[in-house]
Amino acid sequence: MEMEMEMEMEMEMEMNNQSKFNRICVFCGSSAGKKSTYKDAAIELGKELVARNIDLVYGGGSVGLMGLISQAVYDGGRHVIGVIPKTLMPREITGETVGEVKPVADMHQRKAEMAKHSDAFIALPGGYGTLEELLEVITWAQLGIHDKPVGLLNVDGYYNSLLTFIDKAVEEGFISPNARHIIVSAPNAKELMNKMEEYFPQHERVASKLSWENEQFGLNPKCDISRLS
């Protein structure tokens with residue numbers, strides 16, 4: 001009887017922790033940054049993904065914040081997919097890697113592969129590469145290429161200046177107010193994930209997702225794209 005009750009409680013916890021996301025792509029630095037809070041945030045996010053039964057897609061490195069979050073997710077028993085250009089492997093991989101490593105030809109293929117395998121995106125603190133990846137998936141959402149949530153883990157206000165810039169762009173008429181809502185931000189992993197679970201696109205797309213897929217595959221609009229999946 002006791003064992004049955006324990007099993008029921010475990011099943012209930014499993015259902016409560018079920019996310020609408022199967023895999024989330026995390027952009028972050030190959031450096032750990034100067035503050036210990038950045039490292040703590042990477043590990044916290046990794047544990048939050050594990051608690052919600054979500055697998056990780058990331059840039060494939062074993063150093064910096066990339067190494068910390070991938071190890072946390074892997075140690076928690078979730079699947080890890082690392083996508084990394086072959087030329088960066090000597091620089092960003094040291095020692096043993098965790099999970100599945102997908103070597104690709106270049107940065108463009110890296111981003112495409114990461115996006116293809118993910119249901120949502122999150123940016124931890126990082127540098128030029130992280131910012132470029134983040135802005136590209138935001139732009140893809142605005143254009144209608146995808147409708148996946150884009151989250152910003154704003155650790156210690158790291159991204160305050162970026163958010164101020166985006167608000168200024170809205171104010172000056174370069175970004176529509178609805179497109180501002182593409183970005184979901186929060187100071188900690190749990191709050192960010194809760195917001196992303198509730199995310200619903202509000203912006204107008206430049207073109208439909210189907211139009212982009214037709215363009216990408218060279219199909220005419222009447223072609224059944226489901227045959228390609």
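Note that these values count all heavy atoms, side chains included, but never hydrogens, waters or copies made by symmetry.
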Enquirer: Shortest non-hydrogen contact from L124 to T130?
Expert: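 Looking at all heavy atoms of both residues, the shortest contact is O-CG2, 3.5 Å.
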
Enquirer: Can you name the side chain to side chain donor-acceptor pair (under 3.5 Å) partners of D106, sequence neighbours left out?
Expert: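 Result, side chain to side chain donor-acceptor pair (under 3.5 Å) vs D106: none returned.
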
Enquirer: Can you list the residues that meet the side-chain contact (heavy atoms from CB on, under 4.5 Å) rule with Y158, with sequence neighbours excluded?
Expert: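 Counting only residues at least two positions away or on another chain, Y158 forms a side-chain contact (heavy atoms from CB on, under 4.5 Å) with Y38, P125, N154.
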
Enquirer: State, yes or no, whether a side-chain contact exists between S70 and L56 at a heavy-atom distance under 4.5 Å.
Expert: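 Yes; the side chains approach each other to less than 4.5 Å.
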
Enquirer: Flag the pair V73 / V26 as yes when at least one side-chain heavy-atom distance between them is below 4.5 Å, and no otherwise.
Expert: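 No, too far: nothing below the 4.5 Å cut-off.
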
Enquirer: With sequence neighbours excluded, what pairs up with E113 under the side chain to side chain donor-acceptor pair (under 3.5 Å) test?
Expert: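 Testing E113 for side chain to side chain donor-acceptor pair (under 3.5 Å), a comparison that skips the adjacent residues, returns K116, H117.
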
Enquirer: If the condition is side-chain contact (heavy atoms from CB on, under 4.5 Å), which residues does D167 pass it with, not counting sequence neighbours?
Expert: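 Result, side-chain contact (heavy atoms from CB on, under 4.5 Å) vs D167: R180.
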
Enquirer: Go through the structure and list residues passing side-chain contact (heavy atoms from CB on, under 4.5 Å) with D156, not counting sequence neighbours.
Expert: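 Here the qualifying residues are K35, T37.
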
Enquirer: What pair of heavy atoms forms the shortest contact from E44 to A189, and how long is it?
Expert: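 Scanning both residues, the minimum pair turns out to be OE2-N, 3.7 Å.
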
Enquirer: Out of curiosity, T164 OG1 to E171 CD, how far, rounded to the nearest 0.5 Å?
Expert: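 Going from the OG1 atom of T164 to the CD atom of E171 covers 11.0 Å.
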
Enquirer: Which heavy atom in A72 sits nearest to a heavy atom in G46, and how many Å separate them?
Expert: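 Taking A72 first and G46 second, the nearest heavy atoms are CB-CA, 4.1 Å.
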
Enquirer: Identify each donor-acceptor pair in which a side-chain atom of residues 172-179 lies under 3.5 Å from a protein atom, sequence neighbours left out, and give them as a table.
Expert:
{"residue": "E172", "atom": "OE2", "partner": "K168", "partner atom": "NZ", "Å": "3.1"}
{"residue": "S176", "atom": "OG", "partner": "A179", "partner atom": "N", "Å": "3.1"}

Enquirer: Counting only heavy atoms not in H108, do more than 12 fall under 6.0 Å of its NE2?
Expert: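 Atom NE2 in H108 is not crowded, with 12 or fewer foreign heavy atoms closer than 6.0 Å.
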
Enquirer: Using side chain to side chain donor-acceptor pair (under 3.5 Å) as the criterion, list what pairs up with H79, not counting sequence neighbours.
Expert: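 Applying side chain to side chain donor-acceptor pair (under 3.5 Å) to H79 gives E100.
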
Enquirer: Please identify each residue that fulfils side chain to side chain donor-acceptor pair (under 3.5 Å) with K111, with sequence neighbours left out.
Expert: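 Residues passing side chain to side chain donor-acceptor pair (under 3.5 Å) with K111: E132, E136.
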
Enquirer: Listed by chain and number, what are the salt bridge (Lys or Arg N to Asp or Glu O under 4.0 Å) partners of E133, not counting sequence neighbours?
Expert: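 Salt bridge (Lys or Arg N to Asp or Glu O under 4.0 Å) list for E133, sorted by chain: empty.
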
Enquirer: Could you list the residues that satisfy salt bridge (Lys or Arg N to Asp or Glu O under 4.0 Å) with E198, not counting sequence neighbours?
Expert: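 Salt bridge (Lys or Arg N to Asp or Glu O under 4.0 Å) check on E198 returns nothing, list empty.
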
Enquirer: I'd like to check the side-chain contact (heavy atoms from CB on, under 4.5 Å) partners of D75; sequence neighbours left out, ordered by chain and number.
Expert: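 Only Q71 meet the side-chain contact (heavy atoms from CB on, under 4.5 Å) criterion with D75.
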
Enquirer: With a 4.5 Å cut-off on side-chain heavy atoms, are L134 and L162 touching?
Expert: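 Side-chain contact under 4.5 Å: yes.
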
Enquirer: Closer than 3.5 angstrom, by distance alone: can the side chain of H146 be matched with the main-chain N or O of V137 as a donor-acceptor pair?
Expert: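 It does hold such a pair.
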
Enquirer: Side chains of K148 and Y199: does their closest heavy-atom pair fall under 4.5 Å?
Expert: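 Not touching, per the 4.5 Å side-chain cut-off.
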
Enquirer: Taking atom CD1 of I183 and atom NZ of K195, what is their separation to the nearest 0.5 Å?
Expert: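 Here the rounded value is 12.0 Å.
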
Enquirer: Taking the side chain as every heavy atom from C-beta outward, state whether M193 and I122 have any atom pair closer than 4.5 Å.
Expert: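 In short, these two side chains touch, coming nearer than 4.5 Å.
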
Enquirer: Under a 4.5 Å cut-off applied to non-hydrogen side-chain atoms, are L45 and L192 in contact?
Expert: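 L45 vs L192: side chains apart.
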
Enquirer: Does any pair with a residue in residues 54-65 pass salt bridge (charged side-chain N to carboxylate O under 4.0 Å, His left out), and if so which ones, sequence neighbours excluded?
Expert: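 Residue pairs with at least one partner in residues 54-65: D55-R78.
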
Enquirer: Any idea which heavy atoms bring R110 and P85 closest together, and the distance?
Expert: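 Nearest pair, atom of R110 first, then P85: NE-CD, 3.4 Å.
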
